[in-house]
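Positions are given from 1 along the sequence. Bear in mind that the values here come from a model prediction, so they are computed numbers and not experimental data.
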Amino acid sequence: MSFKKVLLIKPSGRHGLSFAFDIIPTGFEYIAAYIENDVDEVNIIDLEMEPKPIQQTIEKYLDELRPDLVGISMSATEHSEGLEIAQLAKNHDIVTVLGGYHPTEIPDELLSHSQVDFVIRGEGERTMQDLISKGDASNIDGISYKEDNVIVHNSDREFIEDLDSLPFPARHLRRYKYHTTLMPDRGHDVLTTSRGCWGRCSFCCEPSMSGSLQRYRSPENVINEILEIVKFHDEKPISIEVTDPHFMGKPKLVEQLCDLLIPYDFDIRFGVKVRPDSVAKHPEIVRKMIAAGIDGFEMGIESPIMRDIKSTSKGLKTDVHVKAVNNIKKWGGSAGGTLVIGLPDQTEEEILQFPLYAKKIGLTSSAFGIATPYPGTKFYEELDSQGLIFETDWNRFDEMHSVFKTKHLSGERIEELASICMAKFWTIDRFIEKERMGVIKNKTKKPLMKFITDRMHNLEFSVDAGLQLQEGNFSQHAKEFLDASPDPEIMEYTRKVGMHNVVEMSRFLNLLGEQKIQLSLRNDGMPPISWIFKTTKDTVEYIQVIRGTQDDSSIHFDINLQDFRLEQRNFSKIDKIRIVTKLLASNKGVKRKTNLIRLLAAGGIDVIKSLGTKSN
């Protein structure tokens with residue numbers, strides 16, 4: 001028999017450092033495009049975009065669409081949910097097939113569950129096409145299955161060499177409007193220009209998944225898909241996340257793509273993942289990338305310690321870090337980087353230097369992921385052979401939880417250090433530095449209200465991610481974050497750069513005048529942490545973050561974090577009114593109330609100005 005009605009389901013359990021990325025199931029859209037002419041119907045459901053509870057949503061689609069095959073794509077953090085979806089499908093006597101990085105590496109474990117019929121290993125397009133045509137797995141390369149209760153692994157399937165031969169993802173099947181929290185004013189899409197990576201990093205899944213072989217689409221093929229994406233989004237501003245593990249794997253192809261892309265002058269913001277050595281080696285190509293809108297760079301910095309670089313088989317030296325960052329920032333690009341904490345030999349003293357190093361080399365954004373051994377990686381094999389992996393719940397393999405024993409630190413302390421590193425890096429000077437890059441690239445300053453709105457989105461994203469990852473322990477991590485916030489270098493940086501030089505706030509400052517605004521956060525008896533903004537009618541003279549408070553502020557907002565009820569996800573309108581009322585009430589005395597009125601008036605004028613600019 002063959003399969004004629006296929007339902008592809010993406011679970012909602014995306015966690016960890018991937019929280020902000022890969023939010024569109026493009027892998028399914030590739031498969032759908034490849035099999036569309038071989039079936040009567042193919043549908044894609046993204047449970048992250050569907051209402052809860054999940055079980056009722058799945059049941060609804062199973063009853064409504066009546067598929068004879070359900071495909072589920074899974075990461076490690078979606079292990080339990082993927083099996084739950086498979087069970088619901090099996091309750092309807094529907095055949096199930098699992099795919100993705102996680103199933104590729106643990107097919108035996110997944111096939112030990114009765115609700116799993118097939119596991120596709122590696123790339124899915126051709127294997128899925130063979131499966132739906134034949135109806136069984138015999139003689140199909142790249143698939144694992146059960147025969148008489150014995151697990152059978154067919155031969156690996158050869159990689160698709162000619163990526164240009166693949167149809168573009170079936171975006172016409174998309175049921176949802178996607179946006180990213182970090183750029184909510186733009187539509188969002190995903191693009192793949194190559195598959196695999198030639199690197200051999202011991203912690204990465206790519207050496208096992210792709211054999212450290214990187215395959216590329218032609219620049220002409222990629223530009224045609226970009227034109228299709230632009231049309232799909234009605235030529236409106238969009239952000240595009242490029243999924244390639246190493247976008248600059250072949251720099252010459254990137255340069256050719258930029259030469260094709262620049263004349264179109266699209267309003268597209270591309271985000272790419274790159275190795276820092278490639279960025280350091282090709283400054284002219286980086287210049288062209290930023291000119292083409294490819295201005296968001298995410299680099300695997302990993303560590304400032306060569307011992308760590310060698311132990312992870314990264315294959316580079318730390319001296320490329322500064323060169324890479326300078327090449328990006330010279331033209332106004334965003335130099336982002338990830339660092340890995342919790343490696344077996346790291347000490348607390350070493351880890352606490354990581355955010356300082358990230359600032360020192362000039363990163364404009366950074367994440368500090370906890371070393372996570374994924375199955376199939378050399379890192380996993382080494383730790384597993386020594387019996388060091390203590391976590392058995394795949395859902396916690398998310399780069400934000402400690403899952404193996406290290407020489408010097410407990411798992412709990414490593415997780416606390418991740419929060420501390422984030423706090424020590426993500427201070428207000430980093431946000432101002434990010435805006436400075438915008439001034440370099442665009443020659444214009446961002447309006448103050450837009451700057452504030454963007455920061456609120458950053459905060460919303462951080463809280464949502466933290467609540468999801470740290471479960472009932474988020475309050476403790478929030479305390480660690482707050483306690484690590486004071487930094488004397490913030491004052492030095494803001495005096496030198498001047499927030500007013502990178503954010504358009506001239507009218508606001510003119511109305512506000514000379515003030516010393518203090519925002520103090522208190523939490524559970526800890527000494528308050530205060531953000532102090534010293535302004536004149538023309539400048540933000542400095543910003544200071546200190547432990548404690550200063551008595552000479554002209555406006556003082558005193559906030560108790562308990563009022564925010566950090567463990568809850570949503571604030572009601574009453575909650576928000578209550579918090580604002582408390583903020584305003586913290587300014588006692590005629591002088592402070594007068595200054596507060598000036599601040600509110602200046603802010604109100606700036607809002608009106610901002611709205612007027614939008615309407616024009």
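Heavy atoms only, all atoms of each residue included: N154 and I140 are closest at ND2-O, 2.8 Å. Heavy-atom minimum distance, I370 versus H401: CG2-O, 3.7 Å. Across all their heavy atoms, C197 and S210 have their closest contact at N-OG, 3.8 Å. In terms of heavy-atom proximity, S114 sits nearest to K90 at O-CE, 4.4 Å. Shortest non-hydrogen contact noted between V39 and K4 is CB-O, 3.4 Å. In plain terms, the two heavy atoms of A86 and Q115 that are nearest each other are CB-CG, 3.6 Å.
Remark: R195 is positioned above the aromatic ring of Y30, its terminal NZ or CZ atom under 6.0 angstrom from the ring centre and at most 45 degrees off the axis.
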With side-chain contact (heavy atoms from CB on, under 4.5 Å) as the criterion, how do L339 and E302 come out once you've worked through the C-alpha distance, each side chain's angles and the decisive distance to 0.1 Å?
CA-CA 4 Å; L339 290 90; E302 317 311 357; over 6 Å; no

Run the side-chain contact (heavy atoms from CB on, under 4.5 Å) check on I268 and S239 step by step: do they pass?
CA-CA 6 Å; I268 303 176; S239 64; over 6 Å; no

Stepwise, does the side-chain contact (heavy atoms from CB on, under 4.5 Å) test hold for V116 with L83?
CA-CA 8 Å; V116 178; L83 288 173; 3.8 Å; yes

Where do V190 and V242 land on the side-chain contact (heavy atoms from CB on, under 4.5 Å) test, with the steps shown first?
CA-CA 6 Å; V190 171; V242 180; over 6 Å; no

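Annotation: the span from H188 atom NE2 to R269 atom CZ amounts to 12.5 Å, rounded to 0.5 Å. Distance check: L257 CG to N221 CG gives 10.5 Å after rounding to the nearest 0.5 Å. Here H102 contributes atom NE2 and S73 contributes atom OG; the two are 11.0 Å apart, rounded to the nearest 0.5 Å. The distance from atom CD of Q129 to atom CG of D38, rounded to the nearest 0.5 Å, is 4.5 Å. Atom-to-atom distance recorded for F3:CZ and I132:CD1 is 9.5 Å, nearest 0.5 angstrom. Distance check: Q386 CD to E381 CD gives 12.0 Å after rounding to the nearest 0.5 Å.
Side-chain contact check for E36 and H172: at least one donor-acceptor pair (N or O, by modelled atom type) lies under 3.5 Å. A donor-acceptor contact closer than 3.5 angstrom links the side chains of N91 and Q87. Donor-acceptor pairing under 3.5 Å is recorded for the side chains of S75 and E78. In summary, the side chains of Q346 and T406 do not present any donor paired with an acceptor at a separation below 3.5 Å, with no hydrogens or angles considered. At a cut-off of 3.5 Å, with distance as the only test, a side-chain donor of N395 or S80 sits close to an acceptor on the other residue.
Contact of the F379 side chain with the T312 side chain is not registered, since no non-hydrogen atoms from C-beta on lie closer than 4.5 Å. With contacts defined as side-chain heavy-atom distances shorter than 4.5 Å, the pair L173/V42 qualifies. Looking at heavy atoms from C-beta onward, L316 lies in side-chain contact with I309 at the 4.5 angstrom threshold. Looking only at side-chain heavy atoms (C-beta outward), I54 and K52 come within less than 4.5 Å of each other. Contact of the E41 side chain with the N43 side chain is registered, since non-hydrogen atoms from C-beta on lie closer than 4.5 Å. Looking at L98 and F118, their side chains never come closer than 4.5 Å, going by heavy atoms from C-beta outward. Residues D384 and F404 form no side-chain contact, since every pair of their non-hydrogen atoms from C-beta on lies 4.5 Å or further apart. Annotation: side chain of Y34 is in contact with side chain of L166 (closest heavy-atom distance under 4.5 Å).
Of the possible polar contacts, one joining the W426 side chain to the S366 backbone as a donor-acceptor pair under 3.5 Å is found. The backbone N or O of D117 sits less than 3.5 Å from a side-chain atom of T96, completing a donor-acceptor pair. With hydrogens and angles disregarded, a donor-acceptor distance shorter than 3.5 Å links the side chain of D244 to the backbone of S194. With hydrogens and angles ignored, the 3.5 Å screen pairs a side-chain donor or acceptor of T372 with a backbone N or O of E399. Counting only distance, with no hydrogens or angles, the side chain of R275 and the backbone of K314 share a donor-acceptor pair below 3.5 Å. Of the possible polar contacts, one joining the T377 side chain to the Y380 backbone as a donor-acceptor pair under 3.5 Å is found. With hydrogens and angles disregarded, no donor-acceptor distance shorter than 3.5 Å links the side chain of D148 to the backbone of V150.
The aromatic rings of H79 and H113 stand perpendicular to each other, their planes meeting at an angle above 60°, with 30° marking the opposite boundary. Using the six-membered ring where Trp is involved, W394 and F397 have ring planes that are tilted, between 30° and 60° apart.
Using a 4.0 Å cut-off between charged side-chain N and carboxylate O, K134 and D136 make no salt bridge. Using a 4.0 Å cut-off between charged side-chain N and carboxylate O, R171 and D189 make a salt bridge. Ion pairing between E416 and R413 holds under the 4.0 Å rule for side-chain N and carboxylate O. The pair R186-D267 meets the salt-bridge criterion, since a charged nitrogen lies less than 4.0 angstrom from a carboxylate oxygen. For D162 and R217, the salt-bridge test fails: no basic side-chain N is under 4.0 Å from an acidic carboxylate O. Salt bridge R200/E206: absent, no basic N to carboxylate O contact under 4.0 Å. The pair E391-R396 meets the salt-bridge criterion, with a side-chain N (NZ, NE, NH1 or NH2) lying under 4.0 Å from an Asp/Glu carboxylate O. At a threshold of 4.0 Å, the pair R215-E123 counts as salt-bridged, since one of the basic side-chain nitrogens sits closer than that to a carboxylate oxygen. Salt-bridge check for K10 with E50: failed, with every basic side-chain N at 4.0 Å or more from each acidic carboxylate O. We find that D345 and K407 are joined by a salt bridge, their nearest charged nitrogen and carboxylate oxygen being less than 4.0 Å apart.
Other residues, nucleotides and ligands contribute over 12 non-hydrogen atoms within 6.0 Å of the NZ atom of K146. Applying the 6.0 Å contact sphere to NZ of K378 captures no more than 12 heavy atoms from other residues, nucleotides or ligands.
Between Y216 and F247, the ring center distance fails the sub-6.0 Å criterion.
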